Protein chains: 2
Amino acid sequence: MDQSFHEAKYTVKDVSEITGLTKHTIRYYDDQQLIPFVSRDGRNIRLFSDHDLDWLRMVHSLRISGLPISEVKHYIDMCLQGDDTIPQRAELIAKQEEELEAKIREYNLQLMHIKKKKAYYASVSKGQQDDAWNPVNNKSECGEKYEIPEHIMTH
Amino acid sequence: MDQSFHEAKYTVKDVSEITGLTKHTIRYYDDQQLIPFVSRDGRNIRLFSDHDLDWLRMVHSLRISGLPISEVKHYIDMCLQGDDTIPQRAELIAKQEEELEAKIREYNLQLMHIKKKKAYYASVSKGQQDDAWNPVNNKSECGEKYEIPEHIMTH
DNA sequence: CCCTTGACTTCGAGTTACTCGAATACTTTA
DNA sequence: TAAAGTATTCGAGTAACTCGAAGTCAAGGG
C-alpha cells in the first residue's frame, strides 16, 4: 500500500491564482516562516503542496481576523510543538472568532451608512429631495448621528 | 427667529469616546484635512460640532471600505466644490459599497474557516476525533480545500 | 498660593505589513 | 541564438497609523 502517486505541487504563481494573495505576500509569509513545510526543487523554486495551501489558508484567516504576523507565527509554532499546546491554540482561535465577528458587525454598520449616502445621492440626482440642503451649506454630511455618551457635556 | 442656542461642542477626547477612534487618529484625520470645519477655542483646542462628527463618520465609513486617505480627501474636496460633483461622488460611493460588500463576504468566509477550526479543537479536547491526525504529522491544517483553477497543472 | 493632575497642543520618529522594483538566473519557445 | 516568461533574493519605499516627548494651560486639593 505504499503511495507513490504524485502529490500536487504549485509554484508561487499558482498559489497566487488559487488563493488571491499576491506573489509578494506569499513569499513574505514563507520568509516569515508562517508556512512551515514549503519545499524547493533543484532550481531553488518553491513548490507548495496541498498541505502547504492548508497552512497558508489558516494564516490568511488569522490575518484577516486581525492577528499580527508575530502572533500568527506563535500559533504556527505551537502547532509544530504538538498536542500539548491545543488548549492555548483553541483559546486563540476562540478569541479571533470574536474579533472577526466584531469586525463584521462594524463593517455591516459602515455598509449601512454608505447605502444611506448612496440613496441620498440617488434622490438628489432625480431632484426629489425634500429639503435642498447641501453638505457644504450645512457644513455637514447627511445621516444619523453618533450616540453621545451621557457623561459628555455638550453645553 | 435667530438661533442663539449653544451648539454642542466636543473635544478630541470626547470624539474619541463617541466614535471609538483613537485621539491620535482623529487628529491625524484633521491634519489631513478630512474634517473640513473643525474649530478651535481661544487656547487652540479643537472643538468638534455635530456636523464635524457627521463628516468624520463619513471618513470612517470610506476608510473601512478600503478607500485610501488620498481618495477620501478627494471625495471631501468634491463635497466642498458643490453640486456639480454629485455624479462623481455617487459613483465613488457605489464603488465603495461594492468593495465593502466584497470585503464582508470574504470576512464571512474566513469566519467560517475559523469556526471549523474551533470545532475541530473542541472535538480533540473531548478526545472524540475519528482519526488521530495532528497538524504536524500531516504537515497540514484541517479543513476544506481551495478551489484549484483548471489550468493549473498538479501533475 | 502653590503644586500636582490631567488634557490639550505640535512634531517627529517608529511600526506593521505589505508593495514594488532591480538585478540575476534559468528554460522554453520562435 | 535571442526573446519571453517566470523564478529567485534583497533592499528600499509606502500607507496609515501609533507612540512618545516636550510644552502649555486650567482646575482642584492642601
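Throughout, protein chains are lettered first and strands after them, A, B, ... in sequence-line order, and every chain is numbered starting at 1. All of these numbers come straight from a predicted model, not from anything done at the bench.
For the side-chain hydrogen bond (donor to acceptor under 3.5 Å, both in side chains) test with B:T85, the passing option among B:Q81, B:Q88, B:R89 is B:R89; the others fail.
In the set C:dC8, C:dC20, D:dA7, C:dC20 carries the atom at the smallest distance from any side-chain atom of A:H24. Of the candidates C:dT9, D:dC17, C:dC8, the closest approach to any side-chain atom of B:R27 belongs to C:dT9. Comparing C:dA7, C:dA17, D:dT8 by their closest approach to the side chain of B:K13 singles out C:dA7. Closest to the B:P68 side chain, of the nucleotides D:dA16, D:dT8, C:dC18, is D:dA16. Checked against D:dT8, C:dA17, D:dC17, the side chain of A:R63 finds its nearest nucleotide in C:dA17.
At least one side-chain nitrogen or oxygen of A:R40 sits closer than 4.0 Å to the OP1 or OP2 atom of D:dT9. Residue A:Y29 places no side-chain N or O under 4.0 Å from the OP1 or OP2 atom of C:dA17. Close to D:dA7, at under 4.0 Å from its OP1 or OP2, lies no side-chain N or O of A:R46.
Minimum interatomic distance between B:V12 and B:R46 (heavy atoms only, all atoms of both residues): CG2-CD, 3.9 Å. The heavy-atom pair separating B:V59 from B:L34 by the smallest distance is CG2-O, 3.3 Å.
Summarising the geometry, the separation between CG on A:L21 and C1' on C:dT19 is reported as 14 Å, rounded to the nearest angstrom. The separation between A:D41 atom CG and D:dA7 atom P is 11 Å, rounded to whole Å. Atom OH in B:Y28 sits roughly 15 Å away from atom C1' in C:dC11 (whole-Å rounding). Regarding B:E71, its CD atom lies at a distance of 9 Å from the P atom of D:dA16, rounded to whole Å. Look at CD on A:Q32: it is 10 Å from P on C:dC18, rounded to the nearest Å. Here D:dT18 presents its C1' atom at 14 Å from CD1 of B:I26, a figure rounded to the nearest Å. Atom CD1 of B:I64 and atom P of D:dA16 are 13 Å apart (whole Å). As rounded to whole Å, 15 Å separates atom C1' of D:dA16 from atom CG of B:L62.
When each of B:S70 and B:R43 is assigned the nucleotide of DNA chain D with its nearest heavy atom, B:S70 is the one assigned upstream, toward the 5' end.
For the pair A:K73 and A:Y75, the NZ or CZ position fails the cation-pi test of under 6.0 Å to the six-membered ring centre and within 45 degrees of the ring normal.
The residue A:T11 sits close only to the backbone: its heavy atoms come under 4.0 Å of sugar-phosphate atoms, none of a base.
Side-chain N/O atoms of B:D52 and B:Y10 include no donor and acceptor closer than 3.5 Å.
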